[in-house]
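Working notes for the structure below.
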There are 2 protein chains.
Amino acid sequence: MAQKAAPSPEPAPAKDDPLVLIVDDDAGMREAVVDLLQSVGIEGRAFGSTAELLAAAVPDRPGCLILDVRLPGLGGLEFQTRLDSLGIALPIVFMTGFADVPMSVRAMKAGATDFLIKPFRDQDMLDAVDAALARDRSRRSQRAATMTVESLAATLTPREREVMAEVVKGRLNKQIAGDLGISEVTVKLHRGKVMRKMQVRSVADLVRKVEVLDHEE
Amino acid sequence: MAQKAAPSPEPAPAKDDPLVLIVDDDAGMREAVVDLLQSVGIEGRAFGSTAELLAAAVPDRPGCLILDVRLPGLGGLEFQTRLDSLGIALPIVFMTGFADVPMSVRAMKAGATDFLIKPFRDQDMLDAVDAALARDRSRRSQRAATMTVESLAATLTPREREVMAEVVKGRLNKQIAGDLGISEVTVKLHRGKVMRKMQVRSVADLVRKVEVLDHEE
DNA sequence: CCGCAAGTCATACCTTGGTTTGCTTGGAAG
DNA sequence: CTTCCAAGCAAACCAAGGTATGACTTGCGG
């Protein structure tokens, strides 16, 4: 209802409330799912095809996808692969009226959160969406942490990065100086700058921050 | 074939070669799968029921399970849950002649590696087993690393453990002394012992070793 | 050409980390 | 009751980490 309404007394859709994207070629089903979600206070936005979804300006909010497997144009499973190669890791709940086991297994192996058969029980869909949203929240917080560290690391000069790498390896200033062919004082200088720029006070904290960095890439 | 043979010139089954456990109530299927695996040099051991498998003394070797879903006594899916609660994390490949989508989805959500429909193509089974074995190898090496660190940590005295925890948090000796209500010298003493017992030379290494510890538990 | 950022070095000084030696205490195992 | 060990303290000492201050070079963009 309050899709584009002016400031109202109703609970405004906050920027971080989950948004569920639904793609199904059956308008009735689309509406049913949106209504179902709305009944538990979750905003849904429906599309008739994957192309429509890709064309739309989807806000960056926590959420998930509900896909019909059989779709006009790009099918659900192909779309899943496509999103993956685009680096979009939105959790996916599949739903379909015509499915066989290999199809569902393929989807699950590719990372789908759930795979429901129409007609499904309302509660099953809500449970699946819950699980998908939980997964996305966890992914997003993980991602946010990584990006924070990345932005800090981006302010480092090349030399500082080298020194940081050695510090994290546990090398002594003396050794670092030898490896890089510079004096120990200079190493201490870079090291100090690294600690400040990375906003840590101890080597332990630095190690942990850097860990999350190369853990994800 | 060479199930209990005396020492022979043939390639003896090495302790770390993979062992695939098959459970199916159809003797023909059991034999077929064992033969298929043998054709690519993988040892298989077959059972007619989950009870039989549980009763048997299965050697601790890298491997995976191939389970029929429909089994006498405990069914495949229940068995999966059961193993999980027993802490046995062997990758599972399901196979079945009678399956529906919800069943396969349930199995995949519970962590199954694959879910094949009989009759399956030989290559599909071999691919599934390959994936399962890869998963188990990775899990085992991860587990081995954790256990190594655990055994090192087991030699620590309670006090040393406390000190280690603080060191990993990046606290100074001074602060640790204050927190634990002891003198700074004593902290240094414990700290030195921790470094030796954990077989690390730098705080950075210590942090990494301890990380793997509470990452898995 | 000037200014600025990155990188380098030295000296000096202080803090923190780490080891050794020697001694004490309390509890558990023998 | 003795032995062993975790746990603790002190003094003294050396190594390593960390912070100025000041000064020099190089390369790049305005």
Side-chain angles (χ1 to χ4, degrees), chain A residues 146-214 217, chain B residues 146-214 217:
Chain A
T146 304
M147 281 186 26
T148 302
V149 178
E150 266 171 0
S151 69
L152 289 178
T155 69
L156 297 177
T157 67
R159 208 45 157 177
E160 285 162 0
R161 242 181 293 277
E162 290 181 278
V163 172
M164 180 171 75
E166 301 250 5
V167 170
V168 168
K169 277 186 207 154
R171 324 274 315 225
L172 303 180
N173 288 342
K174 199 185 291 187
Q175 300 174 309
I176 301 175
D179 289 356
L180 301 183
I182 58 182
S183 89
E184 196 181 328
V185 222
T186 310
V187 173
K188 290 185 182 181
L189 209 119
H190 287 314
R191 187 169 177 154
K193 285 204 160 235
V194 167
M195 299 297 277
R196 254 166 308 191
K197 288 188 177 178
M198 296 300 288
Q199 294 178 12
V200 292
R201 287 195 175 169
S202 63
V203 187
D205 290 342
L206 183 66
V207 170
R208 263 186 297 269
K209 282 212 172 181
V210 173
E211 284 293 79
V212 307
L213 218 58
D214 43 36
E217 240 72 36
Chain B
T146 303
M147 281 185 26
T148 302
V149 178
E150 266 171 0
S151 69
L152 289 178
T155 69
L156 296 177
T157 67
R159 209 44 158 176
E160 285 163 0
R161 242 181 293 278
E162 290 180 277
V163 172
M164 180 171 75
E166 300 251 6
V167 169
V168 168
K169 276 185 207 154
R171 324 277 310 237
L172 302 180
N173 287 343
K174 197 186 291 187
Q175 299 173 310
I176 301 175
D179 290 355
L180 301 184
I182 57 182
S183 88
E184 196 183 329
V185 226
T186 310
V187 173
K188 290 184 181 182
L189 211 123
H190 288 314
R191 188 171 177 154
K193 285 210 158 223
V194 167
M195 299 298 277
R196 259 171 308 220
K197 288 189 177 177
M198 296 301 287
Q199 295 179 10
V200 292
R201 288 197 175 167
S202 63
V203 185
D205 289 343
L206 183 66
V207 170
R208 263 186 297 269
K209 280 212 175 182
V210 172
E211 283 293 79
V212 308
L213 219 57
D214 43 35
E217 240 73 34

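First the proteins, then the strands, lettered A, B, ... as listed; each starts at 1.
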request  = Could you tell me whether A:T186 contacts a base, only the sugar-phosphate backbone, or nothing, with contacts defined as non-hydrogen atoms closer than 4.0 Å?
outcome  =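 Contact class for A:T186: base.
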Treating [X] as the side-chain partner and [Y] as the backbone partner, does any N or O pair qualify as donor plus acceptor under 3.5 Å?
| X | Y | value |
| --- | --- | --- |
| B:K209 | B:M198 | yes |
| A:R161 | A:A153 | yes |
| A:K197 | A:L156 | no |
| B:R208 | A:V168 | yes |

- request: For A:V203 and for B:H190, find the nucleotide of DNA chain D with the closest heavy atom, then tell me which residue's nucleotide is more 5'.
  value: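 The residue whose closest nucleotide sits nearer the 5' end is B:H190.
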| field | Of A:M195 and B:G181, the one whose closest DNA chain D nucleotide lies more 5' | value |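 On the 5' side of the pair lies B:G181.
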Quiz item: Under 4.5 Å between any side-chain heavy atoms of A:K169 and A:I176, yes or no?
Solution: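 A:K169 vs A:I176: side chains apart.
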Salt-bridged, A:E162 to A:R159, with N to O below 4.0 Å?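 Yes, charged N to carboxylate O under 4.0 Å.
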Separation of [N] [atom2] from [X] [atom1] (nearest whole Å):
| X | N | atom1 | atom2 | value |
| --- | --- | --- | --- | --- |
| A:R171 | D:dG17 | CZ | C1' | 17 Å |
| B:R196 | C:dT20 | CZ | C1' | 11 Å |
| A:I176 | C:dG7 | CD1 | P | 15 Å |
| A:K193 | C:dG7 | NZ | P | 9 Å |
| A:I182 | D:dT25 | CD1 | C1' | 15 Å |

### Query
Can you check whether B:R191 has a side-chain N or O nearer than 4.0 Å to OP1 or OP2 of C:dT19?
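So the side chain of B:R191 is outside the cut-off, no N or O lying under 4.0 Å from OP1 or OP2 of C:dT19.
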On the nucleotide C:dG7, are OP1 or OP2 found under 4.0 Å from the side-chain N or O atoms that A:T157 carries?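 It does, given that an N or O in the side chain of A:T157 lies less than 4.0 Å from OP1 or OP2 of C:dG7.
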Find every protein N or O atom lying less than 3.5 Å from an N or O atom of nucleotides 12-16 of chain C, and list the pairs.
from	atom 1	to	atom 2	distance (Å)
C:dT16	OP1	B:K174	NZ	3.4
C:dT16	OP2	B:K174	NZ	2.5

Gap separating the CD atom of B:Q175 from the CG atom of B:L180, nearest 0.5 angstrom: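 Atom-to-atom, B:Q175:CD and B:L180:CG are 11.5 Å apart.
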Looking at D:dC9, C:dT8, C:dG18, which one has an atom nearest to any side-chain atom of A:L189?
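Ranking D:dC9, C:dT8, C:dG18 by closest atom to the A:L189 side chain puts C:dT8 first.
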